[in-house]
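Working notes, beginning with the structure itself.
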2 protein chains.
Amino acid sequence: MERLPQEIIARKRDGYQLEREEVEAFVAGVVSGGFKDYQASALLMAIVLRGMTPEETGWLTEAMMRSGRIVDLPEISRPKVDKHSTGGVGDKVSLILAPLAAACGLCVPMMSGRGLGHTGGTLDKLEAIPGFSTQLDDAAYRKQLQNIHQAMIGQSVDMVPADRKLYALRDVTGTVESIPLICASILSKKLAEGIDALVLDVKFGRGAFMATEADGRKLAESLVAIGTAMGKPTSALLTRMEQPLGRMIGNSLEVIEAMDCLRGQGPADLMEVTFALCAEMLRLGDLEVDAAAAKATLKKAIDSGAALRAFRQLVEAQGGDPRVVDDYERLPLSEHCCEIGVENEAPLYIGRLDARGFGQAACVLGAGRSSMDAVIDPAVGFELLKKEGDRVEPGEPIVRIHFTDDKKLDTVVERLRHAIGLSKKPVAVQPLVVDRITG
Amino acid sequence: MERLPQEIIARKRDGYQLEREEVEAFVAGVVSGGFKDYQASALLMAIVLRGMTPEETGWLTEAMMRSGRIVDLPEISRPKVDKHSTGGVGDKVSLILAPLAAACGLCVPMMSGRGLGHTGGTLDKLEAIPGFSTQLDDAAYRKQLQNIHQAMIGQSVDMVPADRKLYALRDVTGTVESIPLICASILSKKLAEGIDALVLDVKFGRGAFMATEADGRKLAESLVAIGTAMGKPTSALLTRMEQPLGRMIGNSLEVIEAMDCLRGQGPADLMEVTFALCAEMLRLGDLEVDAAAAKATLKKAIDSGAALRAFRQLVEAQGGDPRVVDDYERLPLSEHCCEIGVENEAPLYIGRLDARGFGQAACVLGAGRSSMDAVIDPAVGFELLKKEGDRVEPGEPIVRIHFTDDKKLDTVVERLRHAIGLSKKPVAVQPLVVDRITG
């Protein structure tokens, strides 16, 4: 018996597990209009408050994934493995990881989103490279994957339309905060890419969507369980997002830092997370079985220059100017910079670099967007001269600000000062990769 | 600081008490469009699942009441007291109670709704009377209240627009079942009438919106608390709605039964509820202080013919044919009738007359509407020849069906058979008025 939308809503409201057909009717109705927006949002709120079982979440994920075109890549013989991060500040891991993984034998068909709010987006970063296009048609995309085993594009509008509609609705109805809904949104998009396996970087902390380790762990476990149940080997790293990742925040600056990493000159925290995620990808792709061997393979790809060459190929294949790789000045860079520090008479220690505060300051500066129609200035950003735990000698600067115009500089500086916490005593830094959750 | 709709939604989602300003912003936004339908429905679902404190419910009621025109009746010197029922089958109490209360010294400015689903509506019943109009303009309404101290009309569209919008939304989003929302809907409409006091008939049981006594009691307590807190003396009777009230179901038939009651010839259960509600109205209107005195006053109004005269005045004032009072044949009545009973060889007892089943059968017959645009046939209906607890001798009929055409008769009979439960042993009947809840 086909149920009316209000009957499906009432069942979830009353705490029942929905049937597969009901979940499918919801997703189909959201796309077709058979479920009105006001009915969808009522059901979303009931899901936020009543939860969903793993079974229901799986049905939701699959129905959303099937709501549009699904990419199938039978012509690719390499293991197709992608990575997804729940989002952080200074998180340019994808830019390093895709060419690195490709250099190690994987195929990385990566579809990403744009940044919104305090976290940056991979597409925005790549577009800092002159000429780089993140929109490829299907034929060009497939050809590129066959030729250079990696592509980094935006998802085309005919894919996962249910997620697009639901996400827009959740954003304005207070229904974002729900593990089943987050899970289904992430996995439906990633699994529509036609991948064989998926590695997730689930972040928690001040700068992450999930504030606590416990919530991050719940999300990671749910993602891994659902992905695995859907027949795709899935694993997750639980990583701390308290301070920005690496030293650069801002689009050109992050491209530069990614290239530094591919040259073997990256900051330790960024390399740690990138290597850990990449090793997991190699494992799921059956290219490496143990962590030490994977790390050696990755290191070799960096040291030999293979990973950097793969990045140059990526830039060239997607219409970008490959000369940026050897000449960072070809990226849009700001003409002005200034530094902020503290007036200290004795040495101090960096106790806190609040990732969210830095991310929000980056939006004010113009490096990120606070609404989807805001325009980004790729040139501006922050360079962290110190990170948490570092000692600051009297007079030493902590952050370098790269700016285009000084109109908002006072506000930015004020925000940064709030985001920096100093300590008279040495500060212990907590480990970045907290756990690995496998299916 | 003004909060965005999604921020208000998120606060209720997270279980906080909303601030008065937030509740007011919600109601104003629902009417203005500042709160989109999909945002309103998400908040409604959060309210259903998180609840509202009495304070919040009061703010919601007041904001809804103030969303449109509020009637003020300073020219009326009599105590203005109204009654509202949460709805039942065969519930024609208003038709008896308004003239009876007016005959006893109250003013009854009653605005009612139409029936939907298995419960009948007062306006539909009154409109069975040839010429009777339930739409009066403000001047005519006031004049009538001054002259005959009673009016029974539909609420004009400029009153309580927030309730109209919210109710339509709740109906299709599974958000009807919420005591705070039901409370605010009922009280905002009633308090916008400009009354001094309000008596509520909160029904529970098979034929009522609230299935259990406990839920009915919760709703009654909440209604009384909010009404009282808003400065209007409010009390409620908790009454059982398991079998239809009285003996008649159907619009003309119920008008006839109401007139029988006003002649002192009404069935006991219907008179019991009517007297109990009317006595409470007299008490709140400060006309009587004790129940026995009130009952004597009411009985006198019936026995003297004053109540029936008041009903005739009401019919005449609102354009109806007053001759119906003495000549029931002037009402639209069906030409055909048939009776149903059971093939019993020994006497049986009526164990159950399922009010909901009778109400639904009445819809099928054409006496009620299952959708707002359905047309009602005032002539058709059921006459209960037996009630719960009654003994049925072999061959005796139980229900008489008054019908216009026999197309749906088989379905109706089948439904009635399901709605009738018989017992070989005598059946004890439970009391109708279970409790009285006062502020």
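In what follows, every heavy atom counts, from backbone to side chain, and hydrogens, waters and symmetry copies are set aside. Every chain is numbered from 1, with letters handed out A, B, ... down the list of sequences.
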Options B/Ile8, B/Val172, B/Leu49, ranked by heavy-atom pairs under 4.5 Å with chain A, top entry: B/Val172
Using distance alone, with no hydrogens and no angle check, list the donor-acceptor pairs under 3.5 Å between chain A and chain B.
from     : atom 1 : to       : atom 2 : distance (Å)
A/Arg13  : NH1    : B/Gly174 : O      : 2.7
A/Arg13  : NH1    : B/Glu177 : OE1    : 2.9
A/Tyr38  : O      : B/Ser41  : OG     : 2.5
A/Gln39  : NE2    : B/Val172 : O      : 2.8
A/Ser41  : OG     : B/Tyr38  : O      : 2.5
A/Ser41  : OG     : B/Ser41  : OG     : 2.6
A/Val172 : O      : B/Gln39  : NE2    : 2.8
A/Gly174 : O      : B/Arg13  : NH1    : 2.7
A/Glu177 : OE1    : B/Arg13  : NH1    : 2.9

pair A/Ile9-B/Met45: side-chain heavy atoms closer than 4.5 Å: yes
For B/Phe35, all residues meeting ring pair (Phe, Tyr, Trp, His ring centres under 6.0 Å), sequence neighbours excluded: B/Phe26
Side chain / backbone / both / neither for A/Leu169 at chain B, heavy atoms under 4.5 Å: side chain
